[in-house]
A.B. asks: 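Below is the structure I would like to discuss, written out as structure tokens.
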Amino acid sequence: MSIRPLVILPDPKLRVISEPIKEITDDVRRLADDMLETMYDAPGVGLAAIQIGVPLRMVTMDVSKSEEERQPMVLINPEITWASEEKRVYEEGCLSIPEYYEEVERPDRVRFRYMNLQGETLEQEADGLLATCVQHEIDHLNGVLFIDYLSKLKRDRVITKFKKAARREAGA
């Protein structure tokens, strides 16, 4: 297992639509382990493979409250199969947009289907933080960022801020 570098805004990789995983291999299992280690180290509650530069449809998540009670999830080829009409607002952040948080409105409850590392197809319903997290991470697989739900003005400000930071870093 190893911690991988995160892809940070404005990197265009974050807009890539990820490819489905065709079979569960040792490489896929290693990627899942690296993603979990990277996510916990960051620290974060979710990570999509594209956030470490791998354009595959895999997500890791853990919305447990404490390190002692970790409940890691690995979702392969996840998709939302149903979303409630009721909405909920959560403050979201993103490991690829460090130290920026904003309130985002999303469906309150979702049902999603995915494959686990054993190759089994599972379906699960979620609400609260888990529902928000799974929607956020599946968005990443489709090249969508949480800032896309903000007003154009707010989104443009965030992108400009991160572009300036990237230029400063490149010049350093």
Side-chain angles (χ1 to χ4, degrees), residues 1-67 69-83 90-101 104 106-149 162:
M1 293 197 319
S2 61
I3 296 169
R4 305 241 196 137
L6 293 167
V7 176
I8 304 294
L9 190 74
D11 193 314
K13 285 187 204 103
L14 292 171
R15 297 301 186 173
V16 169
I17 295 173
S18 297
E19 294 293 321
I21 293 174
K22 292 178 179 35
E23 79 177 288
I24 313 293
T25 62
D26 286 343
D27 286 342
V28 168
R29 287 185 192 88
R30 269 192 296 281
L31 175 61
D33 288 343
D34 288 355
M35 287 174 63
L36 284 166
E37 189 167 349
T38 302
M39 178 186 79
Y40 286 130
D41 180 70
V45 296
L47 184 70
I50 195 63
Q51 289 180 272
I52 57 169
V54 180
L56 292 175
R57 298 188 79 80
M58 184 176 349
V59 164
T60 57
M61 298 186 309
D62 188 341
V63 297
S64 61
K65 301 286 187 253
S66 72
E67 263 184 54
E69 298 172 18
R70 283 186 172 167
Q71 298 172 344
M73 296 178 72
V74 176
L75 311 181
I76 297 169
N77 301 330
E79 59 182 325
I80 292 172
T81 58
W82 173 84
Y90 263 102
E91 185 178 72
E92 293 188 30
C94 181
L95 296 177
S96 293
I97 310 173
E99 297 173 20
Y100 181 78
Y101 303 91
V104 176
R106 296 183 185 269
D108 182 39
R109 295 184 332 277
V110 294
R111 186 175 307 120
F112 58 101
R113 181 182 309 127
Y114 63 97
M115 218 169 24
N116 65 15
L117 287 171
Q118 290 70 46
E120 303 166 313
T121 298
L122 304 170
E123 199 157 317
Q124 185 172 336
E125 241 179 78
D127 61 7
L129 179 58
L130 181 57
T132 297
C133 190
V134 77
Q135 291 173 80
H136 177 113
E137 299 308 332
I138 289 173
D139 275 353
H140 272 299
L141 302 179
N142 297 318
V144 176
L145 302 174
F146 86 96
I147 59 173
D148 296 340
Y149 293 93
F162 279 86

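Along the sequence shown, residues carry numbers from 1. Here the structure is a predicted model, which means the values were calculated and not measured.
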A.B. asks: Quick one: do Ile147 and Leu9 satisfy side chain to side chain contact (heavy atoms under 4.5 Å, CB included)? Show the steps, please.
C.D. replies: CA-CA 11 Å; Ile147 59 173; Leu9 190 74; 4.1 Å; yes

A.B. asks: Could you pull out the closest heavy-atom pair between Ser2 and Thr38, with the gap in Å?
C.D. replies: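 The answer is O-OG1, 3.8 Å.
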
A.B. asks: Who are the ring-ring contact (aromatic ring centres under 6.0 Å, His included) partners of His136, not counting sequence neighbours?
C.D. replies: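 Scan of His136 (ring-ring contact (aromatic ring centres under 6.0 Å, His included), adjacent residues dropped) gives His140, Phe146.
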
A.B. asks: Suppose the criterion is ring-ring contact (aromatic ring centres under 6.0 Å, His included): which pairs have a residue in residues 106-126, not counting sequence neighbours?
C.D. replies: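 Passing the test, one end in residues 106-126: Phe112-Tyr114.
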
A.B. asks: Using the test side chain to side chain contact (heavy atoms under 4.5 Å, CB included), find all partners of Gln118 that sit at least two apart in sequence or belong to another chain.
C.D. replies: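 Side chain to side chain contact (heavy atoms under 4.5 Å, CB included) check on Gln118 returns Asn116, Glu120.
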
A.B. asks: Which donor-acceptor pairs under 3.5 Å do side chains of residues 42-57 form with protein atoms, sequence neighbours excluded?
C.D. replies:
{"from": "Gln51", "atom 1": "OE1", "to": "Ala48", "atom 2": "N", "distance (Å)": "2.8"}
{"from": "Gln51", "atom 1": "NE2", "to": "Ser96", "atom 2": "OG", "distance (Å)": "3.1"}
{"from": "Arg57", "atom 1": "NH1", "to": "Ser18", "atom 2": "O", "distance (Å)": "3.2"}
{"from": "Arg57", "atom 1": "NH1", "to": "Leu141", "atom 2": "O", "distance (Å)": "3.1"}
{"from": "Arg57", "atom 1": "NH1", "to": "Asn142", "atom 2": "OD1", "distance (Å)": "3.2"}
{"from": "Arg57", "atom 1": "NH2", "to": "Asn142", "atom 2": "OD1", "distance (Å)": "3.0"}

A.B. asks: Working to the nearest 0.5 Å, report the span between CD of Glu92 and CD of Gln135.
C.D. replies: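 Taking CD in Glu92 and CD in Gln135, the distance rounds to 8.0 Å.
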
A.B. asks: Distance from Glu91 atom CD to Thr132 atom OG1, nearest 0.5 Å?
C.D. replies: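 Result: 12.0 Å between the selected atoms.
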
A.B. asks: Who passes side chain to side chain contact (heavy atoms under 4.5 Å, CB included) against Asp148, sequence neighbours left out?
C.D. replies: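 Arg15, Val144, Leu145, Arg155.
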
A.B. asks: Less than 4.5 Å apart, side chain to side chain, heavy atoms only: is that true for Asp139 and Arg106?
C.D. replies: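 Yes, side chains in contact.
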
A.B. asks: Please list all pairs passing the salt bridge (charged side-chain N to carboxylate O under 4.0 Å, His left out) test where one or both residues lie in residues 71-82, with sequence neighbours left out.
C.D. replies: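 Listed by first then second residue: Glu79-Arg113.
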
A.B. asks: Output the distance between atom CG (Leu117) and atom CD1 (Ile24), rounded to the nearest 0.5 Å.
C.D. replies: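 Between Leu117 CG and Ile24 CD1, I get 6.0 Å after rounding to 0.5 Å.
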
A.B. asks: Applying side chain to side chain contact (heavy atoms under 4.5 Å, CB included), can you list everything that pairs with Gln71, at least two apart in sequence or on another chain?
C.D. replies: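 In terms of side chain to side chain contact (heavy atoms under 4.5 Å, CB included), with neighbours along the sequence ignored, Gln71 is linked to Asp62, Ser64.
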
A.B. asks: Tell me, please, which residues at least two apart from Phe162 pass ring-ring contact (aromatic ring centres under 6.0 Å, His included).
C.D. replies: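 So Phe162 forms no ring-ring contact (aromatic ring centres under 6.0 Å, His included) with any residue.
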
A.B. asks: Mind checking what makes side chain to side chain contact (heavy atoms under 4.5 Å, CB included) contact with Arg109, not counting sequence neighbours?
C.D. replies: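 Partners of Arg109 under the side chain to side chain contact (heavy atoms under 4.5 Å, CB included) test: Trp82, Ser84, Glu86, Asp127.
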
A.B. asks: Run the salt bridge (charged side-chain N to carboxylate O under 4.0 Å, His left out) test against Glu19 and tell me which residues pass, sequence neighbours left out.
C.D. replies: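 Residues passing salt bridge (charged side-chain N to carboxylate O under 4.0 Å, His left out) with Glu19: none at all.
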
A.B. asks: With the side chain counted from C-beta on, respond yes when Gln124 and Val134 share a heavy-atom pair under 4.5 Å apart, and no when they do not.
C.D. replies: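 The answer is no, as the side chains (C-beta and beyond) never meet within the 4.5 Å cut-off.
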
A.B. asks: Output the distance between atom OG1 (Thr60) and atom CG (Leu75), rounded to the nearest 0.5 Å.
C.D. replies: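 Going from OG1 on Thr60 over to CG on Leu75, the span is 8.5 Å.
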
A.B. asks: Quick test of your reading: applying salt bridge (charged side-chain N to carboxylate O under 4.0 Å, His left out), list the pairs with at least one residue in residues 33-49, sequence neighbours left out, ordered by first then second residue.
C.D. replies: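 Every salt bridge (charged side-chain N to carboxylate O under 4.0 Å, His left out) pair that includes a residue of residues 33-49, provided the two are not neighbours, is Arg4-Asp34.
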
A.B. asks: Are Met35 and Val74 side-chain neighbours, meaning at least one heavy-atom pair lies under 4.5 Å?
C.D. replies: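 Side chain of Met35 against side chain of Val74, heavy atoms only: no contact under 4.5 Å found.
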
A.B. asks: Tyr149: which residues meet the ring-ring contact (aromatic ring centres under 6.0 Å, His included) condition with it, sequence neighbours left out?
C.D. replies: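 By the ring-ring contact (aromatic ring centres under 6.0 Å, His included) rule, Tyr149 matches no residue at all.
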
A.B. asks: Roughly how far, to the nearest 0.5 Å, is the CE atom of Met1 from the CG atom of Leu36?
C.D. replies: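 So the gap between those two atoms works out to 8.0 Å.
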
